[in-house]
Asker: 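Before anything else, here's the structure in question.
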Amino acid sequence: MIPLTVGTLADAPDTPAVIDGSRFNRHTFWCGQSGSGKTYALGVVLEQLLLHTELPIAVLDPNADFTELGRTRDEVDAADAERWSRLGIRVFHSSTPREPQLRIRFVDLSVRSKAAVARLDPIVDEEQFNALLHLNVSPEDFARDTFLQTLAASNDSALRRLGLRIDNLEILDWPLWAFGGASSSTTVEDRPQAVVLDVGGFSHPGEPQAAALGILEDLWERRMERRPLLIVIDEAHNFCPPSPRSSVEAQLTEQLIQIAAEGRKFGLWLFLSTQRPTKIHPNVLSQCDNLGMMRMNSPRDLAELGDVFGFVPHDVLAESPHFRKGEALFAGAFSEQPQRVRIGRRLTVEGGSDLAVAEHVG
């Protein structure tokens, strides 16, 4: 067991609440309604994992809540702050002009993912899809204007139409693309202790999902290397909803379903955070063995959690509407028995909105 102290027991404030860090080698679901302190508490758990395990972490961060994960609060002990600085946490930005910026390469995406970005159906748009299938472009030589000019000058009508589609949709104008430059996925491949991928600052609604898709596809492509990684997805309903609303979202959901079903044996473990279980695709939710739950008022959501996480007694789930801000239930593989916890104080600064949960949990 690797003990992680995440706070104190709600019914015994002098007793530390401990979960087992070694049991994050399975998928985890983290939920709580708006205002429950969910993001702050998630940060506490991640800090404990970083301090007490060697498990690398990659965070898909749509609200820039973890962009300051490398910076400790002013009141943190100097020795702890120094220890934290040695972790070498990497942050890729999109919400601010700070460097490095989050970038992936369009040509690194799979054919199905490039087609999803271009809204191509392999049957309805069979000729353009086939033209995309047989394109052979070197990432190092890929340049926007040259690429579009080459397609426009082609003798193949399908390639010309493909170029028009890509140009009309302004896909290559997205700031996300690295073109021939370095991709942020390379840093994730290197497995630093933590990588934060700020996906929330892009202007086009498809960019955050395309960024996540590029990172996850690359991890899945390299899965046989069996190099452990905890993939933390905040606001996970934006990445794997029950009913995808776009072709990119559908492709991303499909990739996450595959990781949820098969990723454990390759060392790819999900940590999904959202407000409601019904907002997550059931084929992803059903694969989770750990549950972290904060205040939830909806009877429907509590019933869903009871069905999926049958190891949690219904009377324990029923207490959730009465949780105070900053209180959480931990149950499943990482907790010997369900425990209601008052979340402890964070070491690092919350990037998005600095919720003062500590004032409420004492």
Side-chain angles (χ1 to χ4, degrees), residues 4 6 19 21-32 37-70 87 89-95 102 184-185 187-189 191-200 208-209 211-216 218-220 227-240 252 255-256 259-260 263-264 266-275 279-280 284-285 287-294 328 330 332-334 343 346-352:
L4 308 180
V6 292
I19 59 174
S22 70
R23 305 310 290 271
F24 279 86
N25 61 346
R26 56 248 302 125
H27 306 312
T28 301
F29 182 64
W30 186 261
C31 62
K38 171 174 56 70
T39 301
Y40 185 100
L42 174 59
V44 171
V45 175
L46 296 184
E47 289 171 355
Q48 287 295 304
L49 281 166
L50 290 170
L51 283 173
H52 301 293
T53 78
E54 295 182 358
L55 176 61
I57 296 173
V59 183
L60 289 170
D61 182 10
N63 291 330
D65 287 320
F66 297 98
T67 55
E68 301 298 331
L69 190 63
L87 292 176
I89 294 169
R90 301 290 306 277
V91 180
F92 289 91
H93 299 273
S94 70
S95 298
L102 174 57
S184 302
S185 63
T187 298
V188 181
E189 292 166 21
R191 297 295 195 275
Q193 195 64 42
V195 182
V196 177
L197 303 157
D198 166 23
V199 298
Q209 295 171 338
L213 185 54
I215 297 294
L216 293 173
D218 186 70
L219 288 170
W220 188 251
R227 300 169 62 211
L229 181 68
L230 183 66
I231 305 166
V232 180
I233 306 181
D234 196 18
E235 306 297 346
H237 53 275
N238 293 316
F239 302 93
C240 54
L252 178 55
Q255 182 65 81
L256 282 167
I259 293 174
R264 279 182 55 181
F266 300 113
L268 298 177
W269 304 307
L270 298 174
F271 193 147
L272 306 168
S273 176
T274 188
Q275 293 179 2
K279 297 175 74 172
I280 297 292
V284 176
L285 181 63
Q287 298 296 326
C288 294
D289 293 323
N290 293 322
L291 173 65
M293 182 185 69
M294 305 193 77
F330 288 83
F334 60 12
I343 296 294
R346 280 188 63 164
L347 297 174
T348 61
V349 176
E350 190 171 3

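Scope of the values below: all heavy atoms of this structure, side chains included, with no hydrogens, waters or symmetry mates.
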Asker: Apply the test side chain to side chain contact (heavy atoms under 4.5 Å, CB included) to residues L272 and T28: give CA-CA distance (whole Å), side-chain angles for both, the deciding distance (0.1 Å), then the verdict.
Answerer: CA-CA 6 Å; L272 306 168; T28 301; over 6 Å; no
Asker: Closest heavy-atom contact between H27 and L270?
Answerer: ND1-N, 3.0 Å
Asker: Within a strict 4.5 Å, meaning less than it, do heavy atoms of the P228 and N25 side chains meet?
Answerer: no
Asker: Taking the side chain as every heavy atom from C-beta outward, state whether L102 and H93 have any atom pair closer than 4.5 Å.
Answerer: no
Asker: State, with a plain yes or no, whether a side-chain heavy atom of F92 is found less than 4.5 Å away from one of T187.
Answerer: yes
Asker: Check the pair T67 / D198 against side chain to side chain donor-acceptor pair (under 3.5 Å), numbers first and verdict last.
Answerer: CA-CA 7 Å; T67 55; D198 166 23; 5.9 Å; no
Asker: Is there side-chain contact between I231 and W269, with at least one heavy-atom pair below 4.5 Å?
Answerer: no
Asker: Would you say the side-chain atoms of R227 pair up with the backbone N or O of E189, donor to acceptor, closer than 3.5 Å?
Answerer: yes
Asker: On a heavy-atom basis, which atom in P192 and which in P56 lie closest, and how many Å separate them?
Answerer: O-CB, 3.6 Å
Asker: Minimum heavy-atom separation for T274 and H237, please, with both atom names.
Answerer: OG1-ND1, 2.6 Å
Asker: Does some side-chain heavy atom of I89 sit less than 4.5 Å from a side-chain heavy atom of Q193?
Answerer: no
Asker: Any side-chain heavy atom of M293 sitting closer than 4.5 Å to one from F29?
Answerer: no
Asker: Take V195 and I57 through the test side chain to side chain contact (heavy atoms under 4.5 Å, CB included) and record every step on the way to the result.
Answerer: CA-CA 6 Å; V195 182; I57 296 173; over 6 Å; no
Asker: Evaluate the criterion side chain to side chain contact (heavy atoms under 4.5 Å, CB included) for residue pair D218 and V188; output intermediate values, then yes/no.
Answerer: CA-CA 9 Å; D218 186 70; V188 181; over 6 Å; no
Asker: Taking all atoms of both residues into account, what is the closest heavy-atom pair of F66 and G43, and its distance?
Answerer: CE2-CA, 3.8 Å
Asker: In terms of side-chain geometry, is the basic nitrogen of K38 or D65 positioned less than 4.0 Å from the acidic oxygen of its partner?
Answerer: no
Asker: Measure from the side-chain N and O atoms of N290 to the backbone N and O of F334, and report whether any donor-acceptor pair falls under 3.5 Å.
Answerer: yes
Asker: Going by heavy atoms in the side chains, are L46 and V59 under 4.5 Å from each other?
Answerer: yes
Asker: For residues L50 and L87, report the shortest heavy-atom separation together with the two atoms involved.
Answerer: O-CD2, 3.9 Å
Asker: Do T348 and E47 have side-chain N/O donor and acceptor atoms under 3.5 Å apart?
Answerer: yes
Asker: Between L197 and D61, is the side chain to side chain contact (heavy atoms under 4.5 Å, CB included) condition met? List the steps.
Answerer: CA-CA 6 Å; L197 303 157; D61 182 10; over 6 Å; no
Asker: Would you call V91 and L69 a side-chain contact if the rule is heavy atoms closer than 4.5 Å?
Answerer: no
Asker: Say whether, by atom type as modelled, one donor and one acceptor occur between the side chain of Q275 and the main chain of C31 under 3.5 angstrom.
Answerer: no
Asker: I'd like to know if the side chain of Y40 and the backbone of I343 have a donor-acceptor N/O pair within less than 3.5 Å.
Answerer: no
Asker: How close do P208 and F239 get, heavy atom to heavy atom, and via which atoms?
Answerer: O-CE2, 4.0 Å
Asker: F24 vs F271 aromatic rings, parallel, tilted or perpendicular, using cut-offs 30° and 60°?
Answerer: parallel
Asker: Could you tell me the separation between the OG atom of S95 and the CG atom of N63, rounded to the nearest 0.5 Å?
Answerer: 8.5 Å
